[in-house]
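Taking it in order: structure first as structure tokens, then the write-up.
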Amino acid sequence: MTKTAIAQLGSIAFAPDATARKAAAALAEAAAAGARLVVFPEAFLGTYPKGLSFGSPVGRRTEEGRDEFLRSYRAAVELDGPELAVVAAAAREHGVFVVIGVVERMGRTLYCTVVMIDERGERVGYHRKLMPTGAERLIWGFGDGSTLPVVDSPAGALGAVICWENYMPLLRAAMYAKGVEIYCAPTADDRETWLPTVRHIALEGRCFVLTACQVMRRRDYPDDYAPLFGTDPDDLLMRGGSAVVSPRGDLLAGPVHDEECLLYAEVDTDEIIRQSLDFDASGHYARPDVLSLNLDTAPKQPMVEGSSEPRDG
């Protein structure tokens with residue numbers, strides 16, 4: 001049995017350095033309670049821009065929207081930057097494995113990314129969201145198949161799928177085929193429909209699902225933050241709903257709404273084997289003679305340098 005924790009916390013808006021310190025404090029608390037794995041929500045470092053339009057109706061962009069993008073860009077983090085170094089140091093100090101959602105800055109493009117840091121404070125994997133949802137496609141780039149790792153963790157073989165990527169059947173199938181046991185689902189979806197989604201995934205994948213969502217009120221954002229909904233100071237822009245689900249589809253922790261908290265659950269990968277007696281989506285219940293999946297894991301680069309000199313002769 002391994003004790004895991006979900007950090008249902010909100011970002012300190014557009015202050016990734018302060019948010020990193022908040023994450024480090026949560027890791028200390030979770031480790032003191034015996035947790036060996038801690039999962040944070042989507043876009044925790046960098047801030048999820050809930051309710052913003054970035055001034056971008058079809059066919060036009062506004063200067064105010066460009067300013068909103070500039071603020072998000074400045075609040076984003078780099079994979080080797082100081083904010084994640086703070087989290088890594090805390091992971092090493094407290095001996096916990098960390099899964100944390102970030103807004104990643106690479107060049108002039110932002111990505112919605114999940115970073116995996118082991119108990120030694122080493123980054124052992126990261127996943128960039130393949131398909132940003134709706135208006136996210138304006139502000140975030142698209143990941144590729146090179147960042148779909150399943151890595152060893154104290155709780156079992158671990159992977160991450162972000163928010164509505166979890167509605168992509170072929171992506172789920174790829175994770176199952178990679179042998180995921182601890183399926184992390186950081187999200188910004190706090191609706192009632194999210195819980196049945198992750199319960200289905202736990203049953204379908206015969207895996208433990210750990211889903212984490214922030215709790216953020218309008219007052220947690222700057223005064224000049226201009227969401228299209230939730231404009232009163234006490235209005236919830238994200239209300240949590242984090243949970244841990246077993247391979248049987250049972251709730252082991254959560255959901256909790258409207259408050260920041262740490263949720264704990266014990267996981268045992270033996271239960272995955274027990275529940276695979278009658279169903280294994282990528283094993284004895286698969287029909288590769290009829291249905292198969294091709295996964296392209298090659299990184300996609302906008303430019304590849306190489307010689308174009310003609311051959312001799």
Side-chain angles (χ1 to χ4, degrees), residues 4 6-7 16 23 37-48 76-81 83-84 87-88 91 97-107 109-118 121-133 136-137 139-189 194 197-198 201-202 205 207-214 242 282 293-301:
T4 65
I6 303 290
L37 165 66
V38 183
V39 180
F40 289 85
E42 178 181 12
F44 183 67
L45 287 181
T47 308
Y48 189 87
V77 303
E78 296 178 350
L79 295 184
D80 294 321
E83 300 86 1
L84 279 168
V87 178
F97 192 105
V98 182
V99 178
I100 187 165
V102 309
V103 180
E104 177 196 353
R105 180 176 65 239
M106 190 179 75
T109 293
L110 304 181
Y111 295 92
C112 181
T113 302
V114 168
V115 180
M116 304 159 193
I117 299 169
D118 71 10
E122 301 291 333
R123 189 180 74 229
V124 292
Y126 66 96
H127 166 54
R128 289 178 180 149
K129 199 172 190 178
L130 288 180
M131 180 53 67
T133 301
E136 293 174 356
R137 296 175 202 174
I139 57 169
W140 291 339
F142 290 51
D144 61 36
S146 68
T147 69
L148 289 174
V150 170
V151 302
D152 291 333
S153 83
L158 179 147
V161 181
I162 306 169
C163 204
W164 276 25
E165 286 187 313
N166 287 284
Y167 291 119
M168 299 172 71
L170 298 183
L171 178 52
R172 298 199 310 268
M175 298 303 288
Y176 304 153
K178 284 172 169 279
V180 69
E181 298 172 317
I182 308 300
Y183 187 115
C184 300
T187 189
D189 191 338
W194 185 248
T197 292
V198 293
I201 292 169
C207 53
F208 290 92
V209 177
L210 286 69
T211 185
C213 184
Q214 298 190 48
S242 305
S282 58
L293 170 64
N294 177 57
L295 175 61
D296 183 354
T297 59
K300 301 299 185 287
Q301 303 293 342

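Heavy atoms only: backbone and side chains are in, while hydrogens, waters and symmetry mates are out.
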Inset, instruction - Output the distance between atom OG (S242) and atom CD (Q214), rounded to the nearest 0.5 Å. - result: 9.5 Å
Legend entry - Where P41 and A7 come nearest, the two heavy atoms and their spacing: CD-O, 3.2 Å
Legend entry - Smallest separation among heavy atoms of P132 and W140, with atom names: CG-O, 3.9 Å
Legend entry - Expected output: side-chain H127 to main-chain T147 donor-acceptor under 3.5 Å: yes
Inset, instruction - Search all heavy atoms of A298 against all heavy atoms of S146 and return the closest pair with its distance. - result: C-CB, 4.2 Å
Inset, instruction - Starting at CD1 of I182, measure out to OG1 of T4 and round the result to the nearest 0.5 Å. - result: 7.5 Å
Inset, instruction - Ignoring hydrogens and angles, tell me if any N or O in the side chain of R105 forms a donor-acceptor pair with the backbone of L110 under 3.5 Å. - result: no
Inset, instruction - List the steps and the verdict of salt bridge (charged side-chain N to carboxylate O under 4.0 Å, His left out) for R123 and D80. - result: CA-CA 9 Å; R123 189 180 74 229; D80 294 321; 3.0 Å; yes
Inset, instruction - Side-chain contact test, heavy atoms from C-beta onward, threshold under 4.5 Å: evaluate it for E78 versus E83 and give yes or no. - result: no
Legend entry - Donor-acceptor under 3.5 Å (E181 side chain, A157 main chain): yes
Legend entry - Separation between CG of L171 and OH of Y176, rounded to the nearest 0.5 Å: 9.5 Å
Inset, instruction - Answer whether the closest heavy-atom distance between the side chains of I100 and L84 falls below 4.5 Å. - result: yes
Legend entry - Student check: side-chain heavy atoms of V150 and M175 closer than 4.5 Å: yes
Legend entry - K129/E136 salt bridge by N-O under 4.0 Å criterion: yes
Inset, instruction - Indicate yes or no for a side-chain donor-acceptor contact from T211 to the backbone of A185 under 3.5 Å, with no hydrogens or angles considered. - result: yes
Legend entry - Atom pair CG/CG of L37 and L210 - distance to nearest 0.5 Å: 6.0 Å
Legend entry - Test side chain to side chain contact (heavy atoms under 4.5 Å, CB included) applied to C213 and D189, step by step: CA-CA 7 Å; C213 184; D189 191 338; over 6 Å; no
Inset, instruction - Hey, can you tell me if Y167 and W194 have their rings parallel, tilted or perpendicular (30° and 60° cut-offs)? - result: perpendicular
Legend entry - Side-chain heavy-atom pair V114, V102 within 4.5 angstrom cut-off: no
Legend entry - Within-4.5 Å side-chain heavy-atom neighbours: F142 and L130: no
Inset, instruction - Kindly indicate, with the supporting measurements, whether the criterion side chain to side chain contact (heavy atoms under 4.5 Å, CB included) is fulfilled by T113 and V103. - result: CA-CA 6 Å; T113 302; V103 180; over 6 Å; no
Legend entry - 4.5 Å side-chain heavy-atom contact, F97 and V39: no
Inset, instruction - Enter the distance from I6:CD1 to F40:CZ here, rounded to the nearest 0.5 Å. - result: 10.0 Å
Inset, instruction - Identify the heavy atoms of G125 and P149 that sit nearest to each other, and give their distance. - result: CA-CG, 4.3 Å
Inset, instruction - Could you check R128 against E104 for salt bridge (charged side-chain N to carboxylate O under 4.0 Å, His left out), going step by step and ending with a plain yes or no? - result: CA-CA 9 Å; R128 289 178 180 149; E104 177 196 353; 2.7 Å; yes
Inset, instruction - List the atom of L45, the atom of P16, and the distance in Å for their closest heavy-atom pair. - result: CD2-O, 3.6 Å
Inset, instruction - For E42 and I162, indicate whether the former's side chain and the latter's backbone hold a donor-acceptor pair under 3.5 Å. - result: no
Inset, instruction - Drop me the distance from W164's CH2 to T197's OG1, to the nearest 0.5 angstrom. - result: 9.0 Å
Legend entry - Residue pair Y183, V161: steps toward the side chain to side chain contact (heavy atoms under 4.5 Å, CB included) verdict: CA-CA 7 Å; Y183 187 115; V161 181; 3.5 Å; yes
Inset, instruction - Using atom types as modelled and distance alone, determine if a side-chain donor or acceptor of K178 lies under 3.5 Å from a backbone N or O of L148. - result: yes
Inset, instruction - Please test L158 against V99 for side chain to side chain contact (heavy atoms under 4.5 Å, CB included), starting from the C-alpha separation and ending with a verdict. - result: CA-CA 9 Å; L158 179 147; V99 178; 3.8 Å; yes
